[in-house]
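Side chains are part of it too, since the values below use all heavy atoms of this structure and drop only hydrogens, waters and symmetry mates. Each chain gets a letter, A, B and so on, in the order the sequences are listed, and its residues count up from 1.
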Amino acid sequence: MNIFNEQGIERAVKGAMTSEASVPIKIRGEKVTVHYGEKQALFGVDLEVRERQVTALIGPSGCGKSTFLRCLNRMNDTIEGCRVGGNLTLDGEDIYNPAIDVVELRARVGMVFQKPNPFPKSIYENVAYGPRIHGLTRNKAEMDEVIESSLRKAALWNEVKDRLHEPGTGLSGGQQQRLCIARAIAVSPEVILMDEPCSALDPIATARIEELIDELKQNYTIVIVTHSMQQAARVSQRTAMFHLGYLVEEGATDKMFTNPDDKRTQDYITGRFG
Amino acid sequence: MTDATIGSPVARPARRDIGLKRRYAAERRFRLYGVGAIAIGILFLFALLFSVVSNGYSAFWQTSIRLAINFDPAIIDPQNKRETDPNAIVAANYPQLARDALAKKLGVDTSDRQVSRQLGKMISDGVRTQLRDMVLADPSIIGTTRDVWVLASGDVDSANKGQIDLSVDQARRKVSDQQVKWIGQLNADGTMAKRFNFGLFSFGASSRPETAGVGVAILGSFYMMAIVLVLSLPIGVAASIYLEEFAPRNRLTDIIEVNINNLAAVPSIVYGLLGLAVFIGFMGLPRSAALVGGLVLTLMTLPTIIIATRAALRAVPPSIRSAALGLGASKMQMVFHHVLPLAAPGILTGTIIGLAHALGETAPLLLIGMVAFVVDHPTTPLDPSTALPVQIYMWANEAERAFVERTSGAIIILLVFLAVMNLAAIILRNRFERRW
Amino acid sequence: MIVAIILALGIVGFVIGRRRAASLQASGKERPHSRAHYHGWWVFILAVLPAVLFLVAWSVGSSWFVASSIRAALPAATVESPVASENLAYGMVQALARGLRVLEADGVTGLPATFAELQPLLAARGVALAADTRDYMIPLAEHLNAMQNAASWTGALLAIVLAVGCMVAGMRGITLRSPARNKVERVILWLLMASSMIAILTTVGIVLSMLFESIAFFSKVSPVDFFFGTVWDPRFAAADATDTEGQFGLIPLLAGTLYIAFVAMLFAVPIGLMSAVYMAEYASPAVRRVVKPLLELLAGIPTIVYGFFALVTVGPFLRDLSAALAGGVAFIQAQSVLTAGLVMGIMLIPFVSSLSDDIITAVPKAMRDGSLGLGATQSETIKRVVLPAALPGIVGALLLTASRAIGETMIVVLAAGVAARLTINPFEAMTTITVKIVNQLTGDLEFTSPQTLVAFALGITLFCVTLAMNVFALYIVRKYREQYE
């Protein structure tokens with residue numbers, strides 16, 4: 001950056017004011033397209049996800065936000081007939097490079113799904129699943145530690161510490177979702193993807209999870225898909241608005257919700273459609 | 001001032017060792033197990049089919065000898081009584097005619113008893129009935145000489161097909177060296193030949209393999225399939241309609257449904273016991289009759305048809321029912337005029353599959369006495385008869401090599417029937433299946 | 001014959017009824033309730049149904065009546081000796097009566113009074129009678145025939161009168177507003193319901209028929225000896241037995257049944273389960289399209305074919321293989337637990353495979369996604385998440401398969417032999433319950449001997465065991481399905 005011209009001064013001033021400009025990029029997507037068989041679901045999306053921030057993806061249903069999310073940990077691979085084009089990098093490395101190991105990728109990029117899906121095992125075993133298959137702990141003591149710390153980070157420890165060996169499916173909806181979050185945390189990922197994590201929950205459980213997300217962002221990069229604009233506004237620092245497979249607008253959450261550039265964003269936020 | 005961090009990648013955390021190599025090796029092994037299991041299953045299938053076909057294809061050809069038989073009146077009717085007593089020629093020594101003809105053909109002197117006996121054993125004993133029927137049908141052939149194809153005996157047939165180990169000592173074999181020579185001689189000039197074995201399809205039971213066939217069995221199976229179709233299809237469809245469309249949701253209906261599901265899983269031999277106790281013991285129907293077999297198989301097939309029909313009925317969308325009712329049709333009319341025709345392909349498919357299953361059933365038929373030795377073709381379902389799988393079972397218990405061949409041949413016939421039925425079901429299903 | 005007449009009457013009634021209804025409707029005064037052919041059908045039903053039902057009731061009732069009056073006429077001597085003797089005597093009278101009818105049909109008049117003279121007459125026409133038929137039975141047989149004739153004529157006449165009467169009454173009742181269609185439909189509904197009751201009737205029939213004969217059996221052989229006896233030899237009594245001939249111990253049969261079923265499951269479960277897993281989780285649609293029908297083919301092959309395969313190919317193969325391995329002496333018999341178990345296992349592969357396939361596919365995708373999202377490989381997901389989740393359903397499937405194995409007959413008849421012994425060695429022969437049922441009923445039958453009746457006792461044991469397993473399995477599978485739906 002050359003400080004000795006006008007643009008340079010502008011950028012320097014902007015950079016000093018918004019701490020964002022200096023935040024490293026964790027995930028970068030360039031011209032990302034997705035086809036399900038013949039049908040195209042994403043049309044050339046360019047998006048950057050910054051580290052240790054919450055990025056929200058919003059838009060009316062069917063606009064492609066979940067599809068984009070699933071590209072980030074290659075869960076789209078499990079869908080038959082799905083083709084991903086364009087460029088997606090994690091820490092500068094191409095995610096879709098055949099040399100990349102998808103198992104390792106998913107150990108670094110965790111996911112929490114829309115409907116809580118704990119395994120039909122005990123709470124302990126649910127959280128222990130990830131560390132166990134990846135061989136992250138060496139003995140039971142270490143495992144106990146990992147489980148306790150994950151459950152604490154997910155704000156669930158106090159509620160379940162006395163019943164770790166009861167089935168995970170016996171918890172309430174909100175607790176199950178926090179269990180899934182703990183399960184994802186136990187693998188020590190760098191990024192956590194959340195696909196409408198609160199849509200199946202009641203308002204109180206939703207509020208607790210939103211608090212949780214706020215704490216989690218200190219340690220993890222979070223990308224959250226949500227159909228609730230209020231949630232996006234409360235929880236995220238940057239927001240991306242999708243519509244019919246296109247990325248319409250992307251920017252700081254405050255700006256998006258008070259002074260959006262694109263008319264479609266304006267209409268969606270004010271409830272004209274979606 | 002450096003712009004060190006705009007858009008540049010962060011230093012990556014150290015790569016963890018998550019045991020990828022070991023885990024991918026385990027993944028490969030697991031997939032291999034899966035493929036291996038499927039391969040083993042298919043291997044067994046082909047081993048079974050290969051074994052059956054290789055044992056049985058030779059049953060469709062039967063060795064016969066063409067003989068110029070002189071219907072010598074001196075042997076047939078020595079006392080010349082045939083004008084007055086038609087029964088005089090019934091018990092004549094017909095095999096002698098054949099033996100003489102064969103002796104003449106081979107240029108063998110029949111005065112040697114040993115040689116004569118060996119000669120006689122070249123020809124099937126069924127020649128007696130064959131020649132007798134020829135004479136009874138047309139007495140005018142007495143005194144003439146005709147060319148007749150007679151069946152060779154079972155042992156000669158086996159030898160001719162290369163099924164007898166000729167390296168074994170003569171005393172322990174079924175055919176003597178002399179007979180082997182004769183076989184060679186006869187084959188050389190075409191007198192002995194393997195002809196298509198129509199007899200396999202038309203003959204009834206016999207203690208000799210060369211004159212044994214599945215004719216009675218096929219007829220018996222056919223009667224039983226007809227009975228099963230005529231009884232189980234209407235009753236099954238009627239019961240399904242009731243349960244699916246009209247039955248109120250109460251205790252009785254639940255009991256009926258539980259019963260049907262249980263009956264579908266009851267071992268087939270239990271149905272045989274039921275048939276024995278009720279149809280034969282209590283109602284006094286004749287044993288070994290195709291009617292009883294048909295009744296037993298009907299009871300066995302009913303649950304299958306009911307389950308398939310209910311599925312077909314359920315697949316008809318409610319919109320069609322509502323449309324019919326909305327036009328003022330009564331429920332009964334709606335079911336019979338609209339739902340049933342649409343469910344027909346599914347019902348038909350289920351029926352064919354049920355019939356195919358019943359065709360292959362053996363155990364219950366054994367218990368109701370269809371293991372009888374039936375020589376004459378049954379003319380009504382009340383005559384004693386047998387069934388194709390039961391015939392296979394009876395032949396399987398015979399030790400002779402020729403019966404092994406015949407049993408495999410009968411199995412091929414049975415499998416062909418089943419294949420045709422299943423293919424018909426698949427074609428029906430593909431042609432008429434609707435996607436709502 | 002008489003049924004044909006009644007049917008004919010019904011058809012006549014149908015035609016007349018429909019025509020009358022049509023003519024009424026043509027006059028166009030009111031809106032008819034039902035179309036003409038329903039009126040026709042109603043007359044048909046009125047003509048046929050009551051008469052047929054009456055005929056059925058009459059023939060049952062009259063034959064009971066005839067039988068009991070003939071039995072009453074049997075001389076007191078036979079009545080006092082055990083029941084079997086009266087049945088025997090009655091049976092002989094019946095056979096005689098049938099023979100007399102044959103003579104009648106042949107036009108023979110003037111029957112001789114003694115059996116000695118009668119027998120050759122009957123034998124010439126192919127009617128064989130028991131040797132100790134008595135002379136007094138001849139007039140009884142004639143009487144029986146006479147009563148039967150009278151009963152059938154009376155019954156026929158009454159039925160026709162009934163049919164005509166109902167038919168006329170029906171025709172009188174044809175008006176424009178009479179709800180013929182409703183009536184006809186109600187009758188059809190009753191017919192439908194009756195059809196579905198056949199399912200219950202069958203079960204009741206199975207249970208009752210086997211129960212009666214089993215009770216007769218248990219009156220001759222004590223249940224304790226049967227259920228806990230360890231020797232099966234129907235021909236020879238035990239050294240200290242009192243009045244029964246033959247020993248009927250269930251244990252060797254039960255052991256053989258369970259052992260062979262166990263060996264069969266040992267082969268079928270790993271192969272079937274792994275095939276199902278591969279097909280459900282890994283295989284492409286093209287592979288599935290080819291492989292699934294091939295495996296289904298194994299299920300469509302009749303069990304007699306498997307039995308023959310075992311007898312002719314597998315048995316000798318195993319015997320020769322063991323001889324080759326052991327340097328000359330075959331340690332696997334051609335008919336053995338191993339042979340039968342192996343072939344039965346092959347037959348069961350498609351069972352296990354298709355049942356498991358359904359169960360595994362029913363595990364929700366969300367569970368798999370959850371595991372994959374954490375970075376598990378596919379095999380880890382299957383082994384640690386999918387299969388444990390599917391476990392109850394798979395257990396149910398295995399129970400159903402085991403029940404099928406236990407009830408199997410033809411494979412074991414041909415492959416397992418008839419030696420009822422208790423042994424651990426799978427290379428020897430054991431036999432099963434089903435084989436013995438077949439053996440006991442395909443020999444010479446004397447229906448009331450314990451040798452024959454034991455088959456029913458075996459049958460009811462088999463029925464109860466498989467019923468219990470099936471009910472339990474269906475219960476488990478239903479509970480499992482509820483979990484995921």
Side-chain angles (χ1 to χ4, degrees), chain B residues 23-24 26-27 30-31 33-35 37-38 40-42 44-45 48 51-52 55 235 238-239 241-243 246-247 255-256 259-263 265-270 273-274 276-278 281 299 302-303 330 332 356 360 362-363 366-367 371 389 392-393 396 404 407 411 414-415 418 422, chain C residues 181 185 188-189 191-193 195-196 198-200 202-203 205-206 209-210 213 270-271 274-275 277-278 282 291 294-295 297-298 300-305 307-309 311-313 346 349 377-380 400 403 407 409-410 414 434 437-438 441-442 447 455-456 459 462-463 466-467 470 474:
Chain B
R23 290 161 69 188
Y24 276 118
E27 171 83 14
F30 193 72
R31 284 188 73 129
Y33 294 152
V35 175
I38 294 183
I40 292 181
I42 297 187
F44 278 140
L45 173 68
L48 182 86
S51 155
V52 162
N55 273 330
I235 298 181
I241 292 180
Y242 178 72
L243 287 171
F246 293 101
I255 294 181
I256 296 180
N259 263 310
I260 292 177
N261 284 328
N262 283 333
L263 286 176
V266 163
S268 58
I269 197 169
V270 171
L273 286 173
L274 171 67
L276 182 62
V278 172
L299 289 180
L302 263 178
S330 73
M332 191 76 68
T362 325
L366 293 183
L367 298 188
V371 278
I392 293 174
Y393 167 72
V404 170
T407 316
I411 291 180
L414 178 62
L415 289 179
L418 288 176
N422 278 311
Chain C
R181 192 199 66 210
E185 287 185 352
I188 296 182
L189 191 63
L191 279 176
L192 294 182
M193 192 161 89
S195 304
S196 63
I198 289 200
I200 298 190
T202 310
T203 311
I206 290 179
S209 62
M210 290 201 292
E213 310 290 354
I271 298 181
M274 276 314 293
S275 309
V277 163
Y278 187 83
Y282 289 106
V291 170
L294 277 183
L295 286 182
L297 225 62
L298 276 176
I301 296 181
T303 53
I304 179 75
V305 177
F308 184 70
F309 178 58
L311 182 68
V312 156
T313 307
I346 301 176
I349 290 177
T377 62
Q378 208 165 352
S379 65
E380 285 163 355
L400 281 173
S403 141
T409 312
M410 294 322 292
L414 289 176
T434 47
I437 294 180
V438 172
L441 290 176
T442 51
F447 214 84
F456 289 96
L462 187 70
F463 180 71
T466 50
L467 189 68
N470 289 335
L474 286 176

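Proximity to chain B is limited to the side chain of C/L462, based on heavy atoms less than 4.5 angstrom apart. For chain B, the nearby part of C/I198 is the side chain; its heavy atoms alone come within less than 4.5 Å. Heavy atoms closer than 4.5 Å to chain C are found in the side chain of B/L415, but not in its backbone. Contact annotation for B/L302: only side-chain heavy atoms (C-beta onward) come within less than 4.5 Å of a heavy atom of chain C. Contact annotation for C/M193: both backbone and side-chain heavy atoms come within less than 4.5 Å of a heavy atom of chain B. Looking at C/V277, the atoms closer than 4.5 Å to chain B (heavy atoms on both sides) all sit in the side chain, from C-beta outward. Within the 4.5 angstrom heavy-atom criterion, atoms from both the backbone and the side chain of C/T377 approach chain B. Interface residue B/I40: only side-chain heavy atoms are found under 4.5 Å from chain C. The contact between C/L467 and chain B is made entirely by side chain atoms (from C-beta outward), counting heavy-atom distances below 4.5 Å. In this structure, chain B has no heavy atom under 4.5 Å from any part of C/L400. Looking at B/L418, only its side chain comes within 4.5 Å of chain C, counting heavy atoms on both sides. If you measure heavy-atom distances from B/L48 to chain C, the contacts under 4.5 Å come from both the backbone and the side chain. Contacts of C/T434 with chain B are made by both backbone and side-chain atoms, with heavy-atom separations under 4.5 Å. For chain C, the nearby parts of B/Y33 are the backbone and the side chain; heavy atoms of each come within less than 4.5 Å. Only the side chain of B/L243 comes within contact range of chain C, with heavy atoms under 4.5 Å apart.
Looking at B/L45 and C/I301, their side chains come closer than 4.5 Å, going by heavy atoms from C-beta outward. A 4.5 Å side-chain heavy-atom check between B/I255 and C/I200 finds at least one atom pair inside the cut-off. Contact annotation: the side chain of C/L414 approaches that of B/Y393 to within less than 4.5 Å [non-hydrogen atoms, C-beta and beyond]. Put simply, the side chain of C/I206 reaches to within 4.5 Å of the side chain of B/V270, judged on heavy atoms.
Put simply, of B/L366, B/L367, B/L299, the one with the most heavy-atom pairs under 4.5 Å next to chain C is B/L367. Ranked by non-hydrogen atom pairs under 4.5 Å with chain C, the options B/N422, B/V35, B/V371, B/I260 are led by B/V35.
Atom CZ of C/F309 sits about 10.0 Å away from atom CG of B/N55, to the nearest 0.5 Å.
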